[in-house]
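Values below: all heavy atoms of this structure, side chains included; hydrogens, waters and symmetry mates excluded.
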Amino acid sequence: MLGVMLAMLLSMLDNNIVGTSMPTIVRDLGGMAHLSWVVIAYTLATAVSTPVGGKLGDLYGRKRVFLVSIGVFLVGSAASGAAQTMGQLIGFRVLQGLGAGGLGGLAFALIAQLVPPRERGRYQGMTASVMALGTIGGPLVGGLVTGHLGWRWAFYLNLPLGLLALAWCHVLLAADRPRQGAKAPIDRAGIALLTLTISTVVLATSWGGVQYAWGSWQVLGLLAVSVAGLAAFLAVQRRAVEPVLPPRVFAHRNFRLASVMMFALGVVMFGASLYLPLFQQTVQHTSVTSSGLLLLPLMAPVVVVSQIGGRVMSRTGRYKIFPVLGGVFLTAGTLLLSTMDTDTSRAAASVYMALTGIGMGFFTQMVMTIAQNSVEMRDLGAASSSANLFRTIGASIGLAVFGSLFNAATAHGSSAPAVASATHQVFLVAAGVGVLALLAALAVQEVPLRGKPVPHTSGQVQGLSVSGSQSRAGS
């Protein structure tokens, strides 16, 4: 578990550290016009490799693919640190993102493989802590490293931590056996179409309202290609021997609902982590150097609530109440955040952030558990990575929509009243997304959590009986 946590921390820290270092990178390498591509390239590669890595893990062994993902991430980090031009950096960030996507999807699948759902709640505090540490610590570490050692160390810093995670997982992580389905041909057409669909969606949402107008032929063209690509992808998946995203996974009602909740979580979590510091720095005049600590009232409840909820879930086997509470708190917290103006005190803002953080804490790991518990063990990697993919897409689309709202509200200046007005619009939309998550949570059918794995016998697959999987298919 510790090795998996180290690898998760690796990918969580990186993007936040690099984000803090970007002004220095631009001053050194130039290429301000290509600045957004450093982020977009990494996001695209991560989004594409997340489901692909999960499926390859299901087929060829999750430990094996996980170790390869760590290795690719480290090579990309070393190359990014040595980049001499902005073009090189963008290319190496693609390589880094490919490794990060495999890490993100497979980490949750490995945790599910190591710990059955009924007992997984005990470990949720660990994963929530890693996410909080990456979100809060990333900007602080990035500022410190860039200021004292230079921006290249924002990438080189990954090497010792990554090598430790690689060695730890290689020696101590239990190996899983590849499935017989590993002999089946790789779904190359599905991977290509999925890459096309995800890439055009991310590009359209990244460029829309920023580089091009939402009604421009560039954005509309990308959206049209994404729709056509999705239709072709779904058709290919129905015929593939080993589809990269098995349609049977989405046949489960609970998995579809979990995907909606993960999407909503991505929208709110990443939107809050970007626009709350902007509000506090511009409107409440807090220090830029403490931008990471500004999120402490938001992220600390995530760790505490996730830990408490996980322990209750492990003891009782009940879990539906937690995403329902998460939807209530998420909606209430973001609605209160939308009321902030130039007169809102820091104490009041911290309370609103804490309520939002409580909602995120009830969602963060519980929703992943619901997604994993609704599928068979053979699809664990595909299910985990797909749920993670929906969170990534939610973050991308959410940031694009929020960015358009924010830019429109601050078009005539970035004064405190303008930023407060923009923040109001951003979190009002986030509250609507919270309502969507609440409705999805209310529709979840509480299926008993699987317990400890049982010895393999005829008619059973790693602790999941065939009759049990069939009974869940209707849910």
Side-chain angles (χ1 to χ4, degrees), residues 1 4-5 7-8 11-12 50-51 53-54 57-58 62 66 101-132 134 245 249-250 252-270 302-303 305-314 317-327 330 359-377 379-395 437 440-441 444 446-447 449-450 472 475:
M1 282 292 291
V4 176
M5 292 297 104
M8 283 185 65
S11 60
M12 285 295 300
T50 295
D58 286 342
R62 298 182 187 105
F66 190 65
L103 285 177
L106 284 169
F108 288 104
L110 283 168
I111 293 171
Q113 177 180 301
L114 294 170
V115 186
R118 182 64 185 264
E119 300 180 5
R120 204 170 299 154
R122 302 178 185 177
Y123 299 89
Q124 288 185 176
M126 294 174 62
T127 53
S129 298
V130 166
M131 296 180 68
L245 287 183
V249 169
F250 293 91
H252 301 291
R253 173 184 174 184
N254 276 4
F255 183 84
R256 297 194 300 269
L257 294 170
S259 299
V260 172
M261 289 185 281
M262 289 296 280
F263 177 88
L265 182 63
V267 171
V268 176
M269 177 180 287
F270 290 92
V302 175
V303 179
V305 171
S306 180
Q307 181 77 2
I308 295 173
R311 290 186 177 276
V312 173
M313 182 186 72
S314 295
R318 308 300 296 269
Y319 56 86
K320 179 176 177 177
I321 183 62
F322 298 113
V324 171
L325 289 173
L330 200 67
M360 290 163 53
F362 279 127
F363 268 123
T364 304
Q365 303 303 321
M366 296 295 182
V367 176
M368 182 63 77
T369 299
I370 292 172
Q372 292 169 339
N373 193 58
S374 64
V375 302
E376 299 181 34
M377 289 294 289
D379 293 324
L380 201 55
S384 302
S385 58
S386 297
N388 217 32
L389 173 64
F390 278 101
R391 185 173 64 178
T392 301
I393 293 177
V444 167
E446 193 163 43
V447 179
L449 294 173
R450 294 192 290 265
R472 269 188 296 275
S475 68

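The distance from atom CZ of F263 to atom CG of L389, rounded to the nearest 0.5 Å, is 11.0 Å. Here the straight-line distance linking atom CZ of F250 with atom CG of L245 works out to 5.0 Å at 0.5 Å rounding. Here the CZ-OG distance, from F362 to S306, works out to 9.5 Å after rounding to the nearest 0.5 Å. The CD1 atom of I370 sits 8.5 Å away from atom CG of L257, with the distance rounded to the nearest 0.5 Å. Atom-to-atom distance recorded for S384:OG and L106:CG is 8.5 Å, nearest 0.5 angstrom. Between the CG atom in N254 and the CE atom in M261 there is a gap of 7.5 Å [rounded to 0.5 Å].
In terms of heavy-atom proximity, F363 sits nearest to P323 at CZ-O, 3.4 Å. Smallest separation of non-hydrogen atoms from G54 and S385: CA-OG, 3.6 Å. Annotation for L110 and R62: closest pair CD2-CB, 3.7 Å, computed over non-hydrogen atoms. When all heavy atoms are compared, the tightest approach of G394 to V267 is O-CG2, 3.2 Å. In terms of heavy atoms, E446 sits closest to K320 at OE2-N, 2.9 Å. The two residues A109 and Q372 make their nearest non-hydrogen contact at N-NE2, 4.1 Å.
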Mind running side-chain contact (heavy atoms from CB on, under 4.5 Å) on L265 and V367 for me, showing each step along the way? CA-CA 10 Å; L265 182 63; V367 176; 6.0 Å; no
Go through the steps for M360 and L330 under the test side-chain contact (heavy atoms from CB on, under 4.5 Å), then give the verdict. CA-CA 7 Å; M360 290 163 53; L330 200 67; 3.7 Å; yes
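Side-chain contact between V375 and F255 is present, with heavy atoms from C-beta onward closer than 4.5 Å. In this structure, M366 and L325 have side chains that are not in contact, with every pair of non-hydrogen atoms separated by 4.5 Å or more.
In terms of modelled atom types and a separation under 3.5 Å, the side chain of R391 and the main chain of G266 share no donor-acceptor contact.
By the side-chain hydrogen bond (donor to acceptor under 3.5 Å, both in side chains) test, T50 is found to be paired with no residue, residues two or more places apart in sequence or in another chain being considered. Shown here are the side chain to side chain contact (heavy atoms under 4.5 Å, CB included) partners of A395, two or more places apart in sequence or in another chain: F270.
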